[in-house]
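Following: one structure in structure tokens, then a few remarks.
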Amino acid sequence: MATRRTVIDIAAGVSSGALSASAVLEENLAAVDAREQEIHAFNLVTAERARERAAQIDTDVKVGRKVGRLAGVTIALKDNMCTRGVETTCSSKILAGWKPPYDATVVRRLADEGAVFVGKTNLDEFAMGSSTENSAFGPTRNPLDTSRVPGGSSGGSAAAVAAGFAAASFGSDTGGSIRQPAALCGVVGVKPTYGTVSRQGLVAFGSSLDQIGPLSSTVADSALLMEVIAGHDPLDSTSIPQPAPTLLNVLDQGVKGMRIGRITDMPEGSSPDVLARLEAAFDALRSAGAQIVDVQMPSMSFGLTAYYLVAPAEASSNLARFDGVRYGLRVDAKDLNLMYGATRAAGFGDEVKRRIMLGTYALSAGYYDAYYGKALKVRRLIADDFAKAYEKCDAMLTPTSPTVAFKFGDKTSNPLAMYLCDVFTIPTNLAGHAAMSVPFGMGEAGLPVGVQVLAPALGEAPMFRVAAELERNA
Amino acid sequence: MSTAKQLIDGWELVVGLEVHVELATKTKLFSASANRFGDEPNTHIDPVTLGLPGALPVLNRHAVELAMRLGLALNCRVQPCTFHRKNYFYPDLPKAYQISQYDQPLNVDGFLMLPGEVRIGIERAHLEEDTGKSTHFGGAEGRIHGSEYSLIDFNRAGVPLVEIVSRPDIRTSEQAKQYVSELRAILLAVGASDAKMEEGSMRCDVNVSVHKPGTPFGTRCEIKNVNSIRAVGRAIDYEARRQIDIITSGGSIKQQTLHWDDAAGRTNVLRTKEDADDYRYFLEPDLVPLAPDTAWVEQVRSALPPLPAVRRETLAKLTGQSKESEAVAVVVERGQDAYLAEVAKVGGDAARALVYVQQAFAEEAASPRVPAGDLAALTLMEKNAKITATQAKTLLAELVAKGGGDVIALAKSKGFEAMDTSALEALVDAAIAADPDAWAKFKAGEQKAMGALVGAVMKSSKGKADGKAVTALLQAKANA
Amino acid sequence: MPEAISRETVAKVARLARLDLTDAEIERMTSQLAGMLDHFRDVDALDLSKVEPMNQPIPLNNVLRDDVVAPSLDRDEVLASAPAAQDGRFRVPPIIGFEE
């Protein structure tokens, strides 16, 4: 893999005039031309807009106008983030061709800092999936081995970075949808503390779980991107009233004296190559002066059940607005109810329908306590487990994904098999904490393994410290 | 508890009212689009209003303030509260869920007093967002039934509502009307809403059941969207009768949702959007709990203006009228009681002023144009018999037309002076002499015959005679 | 937890969710949901009697906004994306089965 330009290098180079934003963009677009047909990372490449923007930035630099912290940085955006006037489809037929009349807050913040948007990336439909096989517009292929999945649901965003289509990308993470594809594609992926990054303009899947986060080739790149996108947004009521964390300056602090948790009762079923890399990660941190501490998370394995009741419940409500009335697909019918039923049947794929059904059932009269209500209590137990664990450590390590990238079709016959991909990532979403995946060597078949760093809520700084150390030792 | 005379053929009527009120904020409950009535369709829209993907709600502080004002004015307790999603499909509901309050509403456990010291409990008054408006085409009278298509306007979607739920303490249709009327007066007094039933900023759903006293409450039916106070009374009267007739003929009441057809004077069964649906309430994940602190609540409470009930008492004491009299109610409703107090303060006769204001100030604002001093002077002229009641009325009309004036000068210019008694008696004698027939009939006991005589005196006096004095004189002469 | 989900319940839930499922889909959905719900019985092992539900991960409250008007979206732009529009409004097929 050729060394790619990092976000930090591009921003520094373009704003100083040493690099041309247009030239940087053309490099990415050349990579797109070469491999996008094969990989299908994008639903839409916005080459012309990107060229205009890059040219504008170059002009600004030339005449001495102030440019932002991401001047000329090429970015791919997951296609569930609203981009004004540019199709936002969530990889669903029900939104095919829909152009939002407004930008997501994160999109605006990136644009304000000079980012150049290469296009909208493919995802599992409405962010529901762990392989991008659920996209209504065809899957994305893992750039490292095109017979394998890139992970999901932000498979397109992960692949775009891995394939050099953009310097960095953004995805959304509800149960692992940034971290798991990052791990499978060998890139860095961050799920921020819930409430740190605005959800305004992110098409909602699990409202109490969703966060937007960066995918990049280096830890430092993600740190910079976090500094740009995070921070209070008055348009999001769940946005924490704090400014963005400062992260770039912690990256060289090392891990001396930090306590790193090893979850001794974490769920089983990871493949040996992944477990070996996890061990190596603990070794690396120990060598760098960290103390490895055993912790227990007895409720962790119940996370899957809690998640697959809470998230579909919220999703069933969030997706009810796709009814053919105001935007998106409409299948005409004699009367309104027939129109609703036909539109939603034609517009949603199988996985989406399954989760809407599961969620509707979990909330319905007579079943709320047994399912959704119970799941919310399990959620509390998991949060309590985390709280106890973090009394003894500053961060924890787990695998991000139980295996390296798997082959297409491997897990599609049984939905539960696919859900198990997220067993390590889900608990963080339930608790609302921060976690990120850092590439840490290779596993089976020469495929990348991601190690997950977990930190308590608003623990982005210690998390990035650990991540940076891992990266130095990968 | 009903008194015996409130029972209908031995049946006790039980009524509860759910009133939805649009709050008088500038913007919607969860987004910054304008909260305005009557503009071109779909001109107050935003991502939240339209339920666009990715849109998020943010709560309007002023809506909370007005809701608290309303709750406190209804003697409620303001408490920490949360928002829930009420999920159902309907084209005027843009997100396919309504953000409302479920088990933890903002205001609870209040009450409203009706005339006669009747206390109606208020269970809750919670915040929720309004839906858009559907108009149906192709069916009869614009009804859904038989329609070919519908058009949706989202201007109203997201407008802040407070739903005020009474306890089933109302026992007569008259009480129900009083409740709505008083609630409206309170809403106007605290500035929470313009409460115009005809514009839909105040909507009533009426729950009606009947039972024999001492037995459990009967099955209730809900009559939706009754859009005037008068219709509230008529609908309850009709529905009570309908239910009693069914039960007494051996049938039973089915719990139904009904529509009041005012033109036909009857209720019809509705199958509404909300029947047969399971709302699947769950906590709204896009909002955080609302817990107004004590300081805020007390600040709102202390800033509450005097409420209509208190103002009616004050005005009643001032004018010597009953606090339940129509004159007092009307003047307070118009907000002109403060003006009346001013008139009394500058020496005017409060009782007369009340009559004047009630009769002539319907088109005036809460602060009428006629200076208090001018009105006071007029009351004194009539009180001191310097002018007759009829003359006072004429002068009053002039004052209103001109927005004030010097009443003494006005009276003089019109030649208004009360006649002295001997001059009056002379005119009365003359009238009697001119119409002996009428006099004879009147003396014989025909009260009606007096009319002709009084008329004659008024004519000959060119309107200066005081009708009451003339009548008294005639009566005295007849009895002599 | 309740008994295994039935075909009738699945059909009812599909109606509630306004999803027209074919008979084959209802069959498949019933067995898939039953499988998932069976897996979810794992939480029956937990004692949740004294556990408070956790709805939201962050302890915020009282997030409020000033009552200041912002410009409306452009109606033409919005209606251009609508499946059907007429007279400045969104048009839908007749709403049969209900009254207002």
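Screening C:Asp44, C:Leu37, C:Val43, C:Leu46 for a side-chain contact (heavy atoms from CB on, under 4.5 Å) with A:Thr305, the sole residue that qualifies is C:Val43.
The candidate with the highest count of non-hydrogen atom pairs below 4.5 Å against chain A, out of C:Glu52, C:Arg65, C:Arg28, C:Glu77, is C:Glu52. Residue with the most contacts toward chain C among A:Ser237, A:Ser208, A:Gly432: A:Ser237 (heavy-atom pairs, distance under 4.5 Å). Annotation: maximal heavy-atom pairing with chain A below 4.5 Å, among C:Arg15, C:Gln32, C:Glu25, occurs at C:Gln32. Put simply, of C:Val10, C:Thr22, C:Val78, C:Val92, the one with the most heavy-atom pairs under 4.5 Å next to chain A is C:Val92. Contact count against chain C (heavy-atom pairs under 4.5 Å) is highest for A:Asp335 among A:Asp335, A:Leu381, A:Asp350. For the set A:Val325, A:Asn414, A:Leu304, A:Ile356, the entry with the most heavy-atom pairs within less than 4.5 Å of chain C is A:Val325. If you tally non-hydrogen atom pairs under 4.5 Å between each of C:Arg91, C:Met29, C:Gln56 and chain A, the highest count goes to C:Met29. Interface summary for chain C: among A:Met339, A:Glu314, A:Lys99, A:Arg330, the most heavy-atom pairs under 4.5 angstrom belong to A:Arg330. Of the listed residues A:Ser301, A:Gly195, A:Ala342, the one with more heavy-atom pairs under 4.5 angstrom with chain C than any other is A:Ala342. Interface check for chain A: of the options C:Val13, C:Val63, C:Thr9, the most heavy-atom pairs under 4.5 Å are formed by C:Val13.
Here CZ of A:Phe302 is found 5.5 Å from CG of C:Asp42. Values are rounded to the nearest 0.5 Å.
Looking only at distances, no side-chain donor or acceptor of C:Arg18 sits under 3.5 Å from a matching main-chain atom of A:Asn337. A donor-acceptor contact shorter than 3.5 Å links the side chain of A:Arg380 to the backbone of C:Pro53.
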Candidate pair C:Met54 and A:Lys377, rule side-chain contact (heavy atoms from CB on, under 4.5 Å), full reasoning: CA-CA 6 Å; C:Met54 180 177 177; A:Lys377 294 186 174 193; over 6 Å; no
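Both the backbone and the side chain of A:Pro101 come within less than 4.5 Å of a heavy atom in chain C. For C:Ala84, the parts sitting under 4.5 Å from any heavy atom of chain A are the backbone and the side chain alike. Of the atoms belonging to C:Leu64, not a single heavy atom falls under 4.5 Å from chain A. Contact of C:Leu19 with chain A is made through backbone and side chain together, with heavy-atom distances under 4.5 Å. For chain C, the nearby part of A:Leu430 is the backbone; its heavy atoms alone come within less than 4.5 Å. Proximity to chain C is limited to the backbone of A:Ser239, based on heavy atoms less than 4.5 angstrom apart. Residue A:Tyr102 does not touch chain C at all, counting heavy-atom pairs closer than 4.5 Å. Contacts of A:Leu416 with chain C are made by side-chain atoms alone, with heavy-atom separations under 4.5 Å and no backbone atom involved. In this structure, chain C has a heavy atom under 4.5 Å from the backbone of A:Leu338, while its side chain stays farther away.
Nearest heavy atom pair, residue A:Tyr419 against residue C:Met36, reads OH-CE, 3.7 Å. Scanning both residues, A:Arg354 and C:Leu33, for their nearest heavy atoms gives O-CD2, 4.1 Å. Considering all non-hydrogen atoms of both residues, C:Pro83 and A:Gly324 come closest at CG-O, 3.3 Å. For the residue pair C:Pro93 and A:Ala333, the shortest heavy atom distance occurs at CB-O, 3.7 Å.
Counting heavy atoms from C-beta outward, A:Leu358 and C:Phe40 have side chains that approach closer than 4.5 Å. A heavy-atom distance below 4.5 Å is not found between the side chains of C:Asp20 and A:Arg344. A heavy-atom distance below 4.5 Å is not found between the side chains of A:Thr193 and C:Pro57.
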